[in-house]
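Accompanying notes for the structure given below.
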There are 2 protein chains.
Amino acid sequence: MTGIKEVAARAGVSVGTASRALSGNGSVAAGTRQRVLTAAQQLNFVRSYNASSLVTGRSRIIGVIVPSVDRWYFAKVVAGIAEELITVGYDLALYNIFGDRDNQDAVLEDFLMRQRLDAVVPVSLELKPEELTRMLSIRRPVVGIGGPMPGVPTIGMDHFAAGSLATAHLLGLGHERIAHVSGGIDPYRDFKLTDQRQAGFENEMKRAGASVRPEWIIASDFTLQDAYNKARSLLAMPERPTAVFAASDEMAIGVILAARDLGLQVPHDLSVVGIDGHELGETFGLTTIQQFPRQQGQQAARKLLQKLAKKTVPFAEGNETGGNDMPTTGESLPPDSLHELLDTKFVVRNSTAVPRSRARDLERQ
Amino acid sequence: MTGIKEVAARAGVSVGTASRALSGNGSVAAGTRQRVLTAAQQLNFVRSYNASSLVTGRSRIIGVIVPSVDRWYFAKVVAGIAEELITVGYDLALYNIFGDRDNQDAVLEDFLMRQRLDAVVPVSLELKPEELTRMLSIRRPVVGIGGPMPGVPTIGMDHFAAGSLATAHLLGLGHERIAHVSGGIDPYRDFKLTDQRQAGFENEMKRAGASVRPEWIIASDFTLQDAYNKARSLLAMPERPTAVFAASDEMAIGVILAARDLGLQVPHDLSVVGIDGHELGETFGLTTIQQFPRQQGQQAARKLLQKLAKKTVPFAEGNETGGNDMPTTGESLPPDSLHELLDTKFVVRNSTAVPRSRARDLERQ
DNA sequence: TAGGACTATAGAAACGTTTACAATGACGTG
DNA sequence: CACGTCATTGTAAACGTTTCTATAGTCCTA
């Protein structure tokens, strides 16, 4: 194993000088640096990250905690973070929680504490206050993705606004009997996003004077399959909605498939809106509110790297500068400069239309 | 920062003893161990992984290299590996190549060399011989997932057998005009799996005396969207196949959707088979050959951990013992004990049936 | 009871870097 | 010309563990 000692020896300098030449810290005469560099190259020297981590206290590893990498959203987020980190030579340590609280606790205890992470990106993690405290106690920068976390900068989208927008779109087309498929069961039970999207829906309905029927609020789990099954039941009822707002594209497509299998025509018999911007939506012509998880990941990573750059690593930040010019879509969330909302894009395709009854009325005129 | 020194002091022992008590290596009196343990707990001690990595030479980090985490197969594989590693306290460093050769090179150079990985899992990586040599030169265990790699143990499925099986199923139903949608374009151009699945198809067709029409071999990219588009062209032709074997479920579903949109009935006008076991397949009633990427990941991880357990880390292994009782589905690959083939499961649902013409014949009898 | 085989412990030397400190010399300024 | 400043370098002390070596004690057996 060829270490920095050998390099120094070959270049005829001390290890200190060699280290300075190699790392770029401290001043080294141009000629000397060159000699060290070529010596290193000739010896095929690679610096031991362990050793330098030990003394510098920074590992160049960033932890990413996700509920489940194999879900569309999380996979994209991880890809975004990875994309950003790879360019600057940081490693990405992935912790997959599987929506399991025990796992989550284990991860928080076992890994975050092992001083080996320079920073952490919790994504869509619903932490209890004491867990949050624990996470912050490692005194490393934390940038979350998903919902806001007290005292932690986060990147996300405006769920309430998205719910409102989707609903307003349907109402605007003339729909009054609108169902909502939410993602609130099992592993995602206490995800705030579910409540917020639903709140946006209900709020908009109320504003328009449309009634929200409890039996038309369907709790699903973000999977196409489950939404399909539940939509079949819903749409088979004697009285059915003319439109469905699903809290995710996958669920929306489940609804579309269920409708098709029941012989209903989308959008004429049933309009469907989703949220996400899932690739599947293109093929199905799904009207949706696109978010950009990959960019959320990138943005979080950039924010983190920026924090890492200024060596000062505060425990928890009261308030941040320079975060106030962000696009705060709608007035749904209190202006919290810690929680950065990324823009979404409303994409109207042909899964939504004027309801059949209304269309007849219009023709008649 | 409370280190092992403080713990030792509080327990009234030397650091050596404290280390032995905490790590479980070497002998420590039961009472002493207990005292050390409680001291550690009281001081909230957490061992510095950097320091111990430095001296032991093992980092407890395993690198996983995937083309793109946000693809179904890779996400599942990563989840499987993560699941296995989390239980034994290993960290997972994720390298997302994005199907980009430059990135791939950068990763190989920058990361594998940084002695910080205890082992590497390349998944579906097509390496040039010199790259393979380089990867093995880090003298750490390597277990691949996907195709076989010379000198490296790998986990995968039998692509040729799957191609044969899918085709035989269609032929068995009476189909003769069968098209194949393969996954051979752009980022996946030189994936061996594409060729093998196609070879299985062609071989089986030949055996049955059915003709393989070049214009019915469609190169796609594993995405639903692209397969949908290409299938629309294919199925709109005056003469069209009665069945399609797609090299992945996502593409198969793209074909089904295209057929539906053209007014064709699946399975009566068109039978479709896929490969994968994608969850979407359930909703579409897709006949498919299931593979289990998550289990492939787990298996690879287990194999790796096992290698890691016996400290001896060979450079490259000529041959392995204990790997010969594996399920070698079909006679498609030379029996190579390094390449472990995991079982697949043929799931017949209702996207395949006797072709309409044949059905009429049968009725007539 | 003497000797050997263990067990439990302390002490100190690694592991491979970075960096604080000190020393040297060159250069510019009053 | 003397002195301060600055750039360059060497030396050695960290960083926080693990593990090797040595020593003292304990127990068993011949």
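Chain naming here is simple, since letters A, B, ... match the order of the sequence lines and numbering starts at 1 in each. Just so you know, these numbers come straight off a predicted model, no measurement behind them.
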Could you walk me through whether V13(A) and V36(A) pass side chain to side chain contact (heavy atoms under 4.5 Å, CB included), step by step? CA-CA 8 Å; V13(A) 297; V36(A) 173; 3.9 Å; yes

Send over the distance from I4(B) CD1 to dT19(D) C1', rounded to a whole Å. 12 Å

Please report the closest heavy-atom contact between L43(A) and T2(A), naming both atoms and the distance. O-CG2, 3.6 Å

Sorted by number, the residues of residues 20-34 of chain A with heavy-atom contact under 4.0 Å to DNA chain D: R20(A), S27(A), V28(A), A29(A), T32(A)

V142(B) to P122(B) - nearest heavy-atom pair and separation: CG1-CD, 3.6 Å

note: R35(B), atom CZ; dA8(C), atom P; distance rounded to Å ~ 13 Å

Measure from CG on L54(B) to C1' on dA13(C) and round the result to the nearest Å. 13 Å

To the nearest angstrom, how far is Y49(B) atom OH from dT17(D) atom C1'? 12 Å

Compare every heavy atom of L94(B) with every heavy atom of V78(B), then report the nearest pair and how far apart it is. CG2-CD1, 4.0 Å

Of all the heavy-atom pairs spanning K307(B) and P141(B), show the shortest one and how long it is. CD-CB, 3.9 Å

If you take all heavy atoms of A51(B) and S48(B), which pair is closest and at what distance? N-OG, 3.1 Å

If you compare all heavy atoms of Y49(B) against all heavy atoms of S59(B), which two are closest, and at what distance to 0.1 Å? CD2-O, 4.4 Å

Which residue lies toward the 5' end of DNA chain C, V55(B) or V13(B), if each is placed at its nearest nucleotide? V13(B)

Considering just the side-chain nitrogens and oxygens of S14(A), establish if one lies under 4.0 Å of OP1 or OP2 belonging to dG10(D). yes

Using the side-chain heavy atoms of T17(B), tell me which of these nucleotides is nearest: dG10(D), dT17(C), dA10(C). dA10(C)

Quickly work out the R58(B) CZ to dG16(C) C1' distance and round it to whole Å. 17 Å

Tell me: CG of N50(A) to P of dT18(D), nearest whole Å? 13 Å

Rounded to the nearest Å, what distance is computed from the CZ atom of residue R60(A) to the P atom of nucleotide dT17(C)? 16 Å

Short side-chain N/O contact from S48(B) to OP1 or OP2 of dT17(D), under 4.0 Å: no

Would you say R47(A) places a side-chain N or O within less than 4.0 Å of OP1 or OP2 belonging to dT18(C)? yes

What is the distance, to the nearest angstrom, from the CZ atom on F45(A) to the P atom on dT18(C)? 7 Å

Indicate, with a heavy-atom threshold strictly under 4.0 Å, whether S19(B) touches base, sugar-phosphate, or nothing. base

